[in-house]
There are 2 protein chains.
Amino acid sequence: MTDRSTCYPGVVTTSVRPPRADAARNREALLAAAEAEFAERGIAASVADIARRAGVVKGTVFRHFATKEDLIAAIVIGHIATLSDEARKLLGASDPEAALREFLTVAADQRHQHNLTFLQTASAGNTAVLAARDELIGYIGQLVDAARAAGAIRADVTAIDVFLMMCAPIHIMENSSDPSPSLWQRYLGILFDGLRPEGASPLTQPAPSKP
Amino acid sequence: MTDRSTCYPGVVTTSVRPPRADAARNREALLAAAEAEFAERGIAASVADIARRAGVVKGTVFRHFATKEDLIAAIVIGHIATLSDEARKLLGASDPEAALREFLTVAADQRHQHNLTFLQTASAGNTAVLAARDELIGYIGQLVDAARAAGAIRADVTAIDVFLMMCAPIHIMENSSDPSPSLWQRYLGILFDGLRPEGASPLTQPAPSKP
DNA sequence: GTGGAAAATGACCGAGTGGTCATGTTTGTC
DNA sequence: GACAAACATGACCACTCGGTCATTTTCCAC
């Protein structure tokens, strides 16, 4: 085994000396380049292209991220953390319905801009991703509870439901050949109306117990 | 150019002698094998594996389908045609709301069983697929019109909307790590409630004019 | 049965992939 | 400024992929 102390998937291993300045620079450049490359070419983006875009050689990528999957996981974790921050900010809002809607808007917008929907499935097994995901679902749960208490959403909808449905507007618009960039807002509107208590019909399938 | 008279993507070229018996057999076997392989391994399923599963050699695949994309297109066209048949059958139903819901149920179930969501995007540019898609949207339009006339769905929702949203329940459940096989029915329920007139809020984005 | 067309075969190709590693370079420390 | 550890380099590997093609086999009409 060679030295892999810098290969942490988003979580710093404890009690090691801080990374060298150039290494930290390159890591950030790689994350940015990978995000851009994945957004443009999807999961097919190659490690070599990412390295080139970051002004670095392919071998360097594997010094920072043990596998391509680890690189993807690092990106996904970053974005999930961003969403967690957003959800936390919205917790104290005076209008719980508007807060939940705003969260879904931010989430869809982020996923739209960075083509994250497929990255999320690509890093589904990563434990660090799972931990970040669970934290996010916790915050979503508080948003959902507040909205439900305010009578803004139906009673039978859970935090896991909302988490799973988060990407739906993006997936819907991706089926269009030449979508307007903000088409997803239309489907977020329809989806959100489906979450409202008015006209809600009983659901035949129970809510999933785990995401 | 070698003879490619059998490489038709779902549409029979006119006035050629019928294919040989073994060729017809192999073509069906290839389509079935490809469908199974794609369902199991996604878009990453290789032509060689598909050929092996069909009891045939890789070169044979390219005698029937000029490219891998053409093979995918043939599968997708078959499934779209199946949906068109289903929609046509439902046109005369006495309950337009139930008919639309039944159509969405059949569509989601088909896409769930055959993992078709990604295949559809993979064959997005194929002209024969586009033609089949437009025909399907025509039938969906009639289902939607009937449902709207019966007051079962909101006024601002179009056939293209329904077509684009068709796969949403499947995409939603695919975000789950360990989904129940019928979880998509839950999200179809929520989505369908979003299509109802009760509690519908105005949509900020206009409906797409083309799919 | 036989001849000729249609189709299947399997070896082959080139491009591209994620990943490795010995070697050379940079950085921080004393 | 020298030394060691951290880091970057670029050549390299094994492998898979979609696709091609000369050759052989199979089918069908007569």
Undergrad: 5'-most contact on DNA chain D: B:Thr67 or A:Ala24, nearest heavy atom basis?
TA: A:Ala24
Undergrad: Under a 4.0 Å heavy-atom cut-off, which of residues 39-51 of chain A touch DNA chain C?
TA: A:Ala45, A:Ser46, A:Val47
Undergrad: Show the numbers, then the answer: is there a side-chain contact (heavy atoms from CB on, under 4.5 Å) between A:Leu83 and A:Ile140?
TA: CA-CA 10 Å; A:Leu83 282 188; A:Ile140 293 179; over 6 Å; no
Undergrad: Parallel, tilted or perpendicular: which fits the ring planes of B:His112 and B:Trp184, with parallel below 30° and perpendicular above 60°?
TA: tilted
Undergrad: Would you state whether a donor and an acceptor, one from the side chain of B:Lys58 and one from the base of D:dG19, lie under 3.5 Å apart?
TA: yes
Undergrad: Select base, sugar-phosphate, or nothing to describe what A:Val61 touches, counting heavy atoms under 4.0 Å on all strands.
TA: nothing
Undergrad: With a sphere of 6.0 Å drawn around CD of A:Glu69, does it hold more than 12 non-hydrogen atoms of other residues, nucleotides or ligands?
TA: no
Undergrad: Please name all residues satisfying salt bridge (charged side-chain N to carboxylate O under 4.0 Å, His left out) with A:Asp22, sequence neighbours left out, ordered by chain then number.
TA: A:Arg20
Undergrad: Separation of B:Lys68 atom NZ from C:dG16 atom C1', in whole Å?
TA: 14 Å
Undergrad: Check the distance between C:dT20's C1' and A:Phe65's CZ and give it to me in whole angstrom.
TA: 18 Å
Undergrad: Go along nucleotides 22-30 of chain D 5' to 3' and tag each nucleotide: B for a protein heavy atom under 4.0 Å from its base, S when only backbone or sugar atoms are that close, - otherwise.
TA: ----BSS--
Undergrad: Show the numbers, then the answer: is there a side-chain contact (heavy atoms from CB on, under 4.5 Å) between A:Leu164 and A:Ile160?
TA: CA-CA 6 Å; A:Leu164 293 179; A:Ile160 296 179; 4.0 Å; yes
Undergrad: Report the distance from atom CG of A:Leu30 to atom C1' of D:dA8, rounded to the nearest whole Å.
TA: 11 Å
Undergrad: Check the distance between D:dT9's P and A:Phe62's CZ and give it to me in whole angstrom.
TA: 14 Å
Undergrad: For side-chain contact (heavy atoms from CB on, under 4.5 Å), just list the numbers for A:Phe38 and A:His114, CA-CA rounded to whole Å, side-chain angles, deciding distance to a tenth of an Å, and then say yes or no.
TA: CA-CA 8 Å; A:Phe38 282 130; A:His114 298 103; over 6 Å; no
Undergrad: Can you find a side chain N or O atom of B:His64 that sits less than 4.0 Å from OP1 or OP2 on C:dA8?
TA: yes
Undergrad: Roughly, in whole Å, what's the span from CG in A:Asn26 to P in C:dT25?
TA: 17 Å
Undergrad: Please state how far atom CD in B:Glu69 lies from atom C1' in D:dG19, giving the value in whole angstrom units.
TA: 13 Å
Undergrad: Mind checking salt bridge (charged side-chain N to carboxylate O under 4.0 Å, His left out) for B:Arg111 and listing every partner two or more places apart, or none if nothing turns up?
TA: none
Undergrad: Quickly work out the A:Arg52 CZ to D:dG10 P distance and round it to whole Å.
TA: 12 Å
Undergrad: Which pairs count as side chain to side chain donor-acceptor pair (under 3.5 Å) when at least one residue sits in residues 162-177 of chain B, sequence neighbours excluded?
TA: A:Arg133-B:Ser177
Undergrad: My understanding is that only residues two or more places apart in sequence, or in another chain, count here; which of them pass salt bridge (charged side-chain N to carboxylate O under 4.0 Å, His left out) with B:Arg25?
TA: none
